Amino acid sequence: MTDLLQPHSGNFAALTGFQLNGLAEGPIHGTTVIAVKYKDGVLTVGDRRATGGMAIMYDKAEKVLSLDDYTLISISGSFSKAIELVRYLRMAFKYYERSQLQPMSLDGKLNELGKLIAGNMMAAMQGIGLVIPILTTFDTKKNEGRVFFYDGGGARFETAEYAAAGSGSTQIRGAFEYIGRTKGPFREMDRDTALREVLTLLEIAADLDAATGGAAKYLPLAKTITADGIADIEEDVLRSIVKTTLAAEPAMVQG
């Protein structure tokens with residue numbers, strides 16, 4: 001029997017002596033998410049795979065989530081902790097809007113997320129709660145899409161063109177530059193052209209990273225933010241682009 005008075009690693013399964021779902025001893029994680037600017041705003045795509053250790057726990061995880069009408073957060077890392085952050089941010093943004101009779105400023109939203117990540121550092125250092133998000137929004141004052149990413153300490157950075165997070169992001173880092181130099185900047189592409197390139201990048205990440213699900217088996221989540229707000233990209237559009245772009249893949253999309 002496990003001695004509860006002895007120091008432990010922070011691993012719940014090891015502490016209790018049980019394996020969660022009979023498969024994963026550690027937290028469930030999600031990867032990979034990608035955000036790029038395009039001509040009309042911002043495009044965000046996330047694969048659907050969630051893993052626990054070496055096991056695939058779920059193939060329909062939602063990693064691209066709305067915080068308000070013009071703000072999306074894309075999550076990688078500890079799935080349960082990320083969902084907790086999302087729920088808090090939704091509540092905080094709504095409470096501020098109702099109490100102050102105006103929406104929270106973009107800087108306020110970014111600071112709120114940064115504080116949550118910084119406050120989560122101890123859990124992240126124990127290996128049980130690391131979350132690395134991408135925040136995308138449409139800035140109605142500047143009339144442009146904007147993409148922000150964070151490090152594990154809560155520091156934020158704005159990218160001029162693209163961002164990726166998750167274990168598959170390192171494998172495709174150089175491919176973004178190649179696309180920009182050979183096919184032009186993402187910010188000058190229309191939606192479907194940018195989507196085609198991003199789905200190709202996601203499939204490359206899936207080929208090189210076991211924790212990334214790609215697009216060939218299950219359709220990824222894909223959302224845009226424009227001056228009209230957040231919109232889901234239709235499944236038939238995704239399916240058509242997957243079939244034409246990834247024609248070499250023998251597996252067809254199941255849905």
Side-chain angles (χ1 to χ4, degrees), residues 29-51 54 56 61 63-64 72-77 82 117 124 130-137 144-225 233 238 241-251:
H29 290 79
T31 54
T32 297
V33 289
I34 301 171
V36 299
K37 292 186 180 182
Y38 75 105
K39 186 168 58 175
D40 297 321
V42 182
L43 166 67
T44 306
V45 174
D47 81 302
R48 307 296 298 274
R49 178 168 293 176
T51 60
M54 296 300 292
I56 298 172
K63 306 174 191 176
V64 183
L72 288 171
I73 186 170
S74 310
I75 55 177
S76 67
I117 296 172
L130 178 65
V131 178
I132 303 295
I134 301 172
L135 187 142
T136 52
T137 188
E144 66 172 344
R146 300 178 71 179
V147 180
F148 300 88
F149 63 97
Y150 291 78
D151 66 13
R156 79 168 185 256
F157 310 88
E158 182 173 7
T159 175
E161 189 89 1
Y162 59 82
S167 60
S169 62
T170 55
Q171 286 87 335
I172 58 175
R173 189 177 304 276
F176 285 99
E177 289 299 317
Y178 178 79
I179 291 171
R181 295 183 186 189
T182 59
K183 299 185 179 182
F186 281 99
R187 62 181 178 273
E188 296 178 2
M189 298 179 183
D190 61 31
R191 187 199 71 173
D192 287 356
T193 302
L195 179 60
R196 188 174 296 109
E197 299 298 337
V198 170
L199 289 177
T200 300
L201 288 168
L202 189 62
E203 196 64 15
I204 293 171
D207 286 341
L208 301 175
D209 173 48
T212 301
K217 186 177 181 181
Y218 292 99
L219 289 173
L221 284 178
K223 299 177 184 285
T224 60
I225 320 176
I233 295 181
L238 278 171
I241 292 178
V242 167
K243 287 181 177 179
T244 56
T245 304
L246 310 176
E249 290 290 335

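Residues take their numbers from the sequence shown, with the count starting at 1. Since the structure is predicted, the reported quantities are computational estimates derived from the model, not experimental observations.
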Looking at D209 and Q171, what are the two nearest heavy atoms and their distance?
CB-NE2, 3.9 Å

Just verifying a value: how many Å separate L208 CG and S167 OG, rounded to the nearest 0.5 Å?
11.0 Å

Look up atom CZ in R48 and atom NZ in K63, then write down how far apart they are to the nearest 0.5 Å.
9.0 Å

E197 side, atom CD; I179 side, atom CD1 - distance, nearest 0.5 Å
4.5 Å

Go through it in stages, so that I can follow the logic: the residues are M189 and V198, the test is side chain to side chain contact (heavy atoms under 4.5 Å, CB included), and I'd like the CA-CA distance, side-chain angles, deciding distance and then a yes or no.
CA-CA 12 Å; M189 298 179 183; V198 170; over 6 Å; no

Please check this pair: side chain of S76 against backbone of T32, looking for a donor-acceptor N/O pair closer than 3.5 Å.
no

Quick one, D151 and F157 - any side-chain contact, counting heavy atoms below 4.5 Å?
yes

Looking only at heavy atoms, which two atoms of L202 and V45 are closest? And how far apart?
CD2-CG1, 3.9 Å

Set out, in order, the CA-CA distance, both residues' side-chain angles and the distance that settles side chain to side chain contact (heavy atoms under 4.5 Å, CB included) for L221 and T44, then state yes or no.
CA-CA 8 Å; L221 284 178; T44 306; over 6 Å; no

Are V147 and I134 packed together at the side-chain level, in the sense that at least one heavy-atom pair is separated by less than 4.5 angstrom?
yes

Contacts satisfying ring pair (Phe, Tyr, Trp, His ring centres under 6.0 Å) that involve residues 172-197 (not counting sequence neighbours) are Y162-F176

Given L195 and T224, is the side chain to side chain contact (heavy atoms under 4.5 Å, CB included) satisfied, shown in steps?
CA-CA 10 Å; L195 179 60; T224 60; over 6 Å; no

Test side chain to side chain contact (heavy atoms under 4.5 Å, CB included) applied to P220 and I233, L199, T212, the passing residue:
L199

Give, for atom OG1 of T193 and atom NZ of K39, the distance between the pair rounded to the nearest 0.5 Å.
8.5 Å

Output the distance between atom CD (E188) and atom OH (Y38), rounded to the nearest 0.5 Å.
15.0 Å

Looking only at heavy atoms, the pair that brings A194 and L43 closest together is C-CD2, 3.8 Å

Check I34 against I172 and note the closest heavy-atom contact, atom names and distance.
CD1-CD1, 3.8 Å

Which heavy atom of V64 sits nearest to which heavy atom of G46, and what is that distance?
CG2-N, 3.8 Å

Scanning both residues in full, the closest heavy-atom pair of D192 with I241 reads O-CD1, 4.1 Å

